[in-house]
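The structure under discussion is supplied below as structure tokens; questions concerning it will follow.
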Amino acid sequence: MIDVTRMGGQEVTLNAHLIEFIEETPDTVITLTTGKKIIVKESRQEVKNLVKLYRKEIGNNI
């Protein structure tokens with residue numbers, strides 16, 4: 001799970017395993033495997049880094 005910030009300032013915890021792709025349009029849009037889209041304040045690279053850190057923490061370094 002990773003913590004991200006919605007554009008309105010609300011922090012949410014997101015299941016990193018459900019991320020299908022991340023776009024910057026210029027806002028960062030995270031699309032989940034469920035089809036749901038979430039716009040967040042973090043950059044694409046920041047989200048990637050959060051996912052990498054999470055996977056290292058759980059021993060799944062992909």
Notebook entry, point to check: Hey, any chance Ile58 and Leu14 share a hydrophobic cluster, counting ILVMFWY side chains that come within less than 4.5 Å of each other, even indirectly?
Noted result: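 Yes, one cluster joins them.
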Check: When rounded to the nearest 0.5 angstrom, what is the spacing between OG1 in Thr31 and NZ in Lys37?
Finding: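 Atom-to-atom, Thr31:OG1 and Lys37:NZ are 3.5 Å apart.
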Check: Which pair of non-hydrogen atoms, one from Arg55 and one from Ala16, has the smallest distance, and what is that distance?
Finding: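 Answer, listing the atom of Arg55 first, then Ala16: NH2-O, 4.3 Å.
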Check: Among the clusters formed by ILVMFWY side chains lying less than 4.5 Å apart, do Val40 and Val12 turn up in the same one?
Finding: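 Yes, Val40 and Val12 fall within the same hydrophobic cluster.
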Next item on the list: Using a 4.5 Å cut-off on heavy atoms from C-beta on, say whether the side chain of Ile38 contacts that of Val29.
Entry: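 No, their side chains stay 4.5 Å or more apart.
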Margin query: Distance check, rounded to the nearest 0.5 Å: Phe21 atom CZ versus Thr33 atom OG1?
Written below: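 Phe21 CZ to Thr33 OG1: 11.0 Å, rounded to 0.5 Å.
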Item checked: Spacing of Glu24 atom CD and Gln45 atom CD [to the nearest 0.5 Å] ->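 Here the rounded value is 9.0 Å.
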Item checked: Between OG1 on residue Thr28 and CD on residue Glu23, distance to nearest 0.5 Å ->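 Here the rounded value is 10.0 Å.
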Checklist line | Closest approach of Asn15 to Met1 (non-hydrogen atoms, all atoms of both residues) | finding: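 Between these two residues, the closest heavy atoms are CA-SD, 3.5 Å.
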Check: Between Met7 and Asp27, what is the shortest heavy-atom contact and its length?
Finding: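 Scanning both residues completely, I find the closest heavy atoms to be CE-OD1, 3.8 Å.
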Next item on the list: Compare every heavy atom of Ile22 with every heavy atom of Arg44, then report the nearest pair and how far apart it is.
Entry: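 Heavy atoms only, the tightest pair is CG-CG2, 3.6 Å.
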Check: Among the clusters formed by ILVMFWY side chains lying less than 4.5 Å apart, do Leu18 and Leu50 turn up in the same one?
Finding: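 Cluster IDs for Leu18 and Leu50 match.
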Margin query: When you compare the side chain of Ile2 with that of Ile19, does any pair of heavy atoms fall below 4.5 Å?
Written below: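 Answer yes - side chains close enough.
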Check: Can any side-chain N or O of Glu46 pair as donor or acceptor with the backbone N or O of Ser43 at less than 3.5 Å?
Finding: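 The answer is yes, because a donor-acceptor pair under 3.5 Å joins these two groups.
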Notebook entry, point to check: Side chain of Glu42, backbone of Thr5: donor and acceptor closer than 3.5 Å?
Noted result: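 Such a contact is found between Glu42 side chain and Thr5 backbone.
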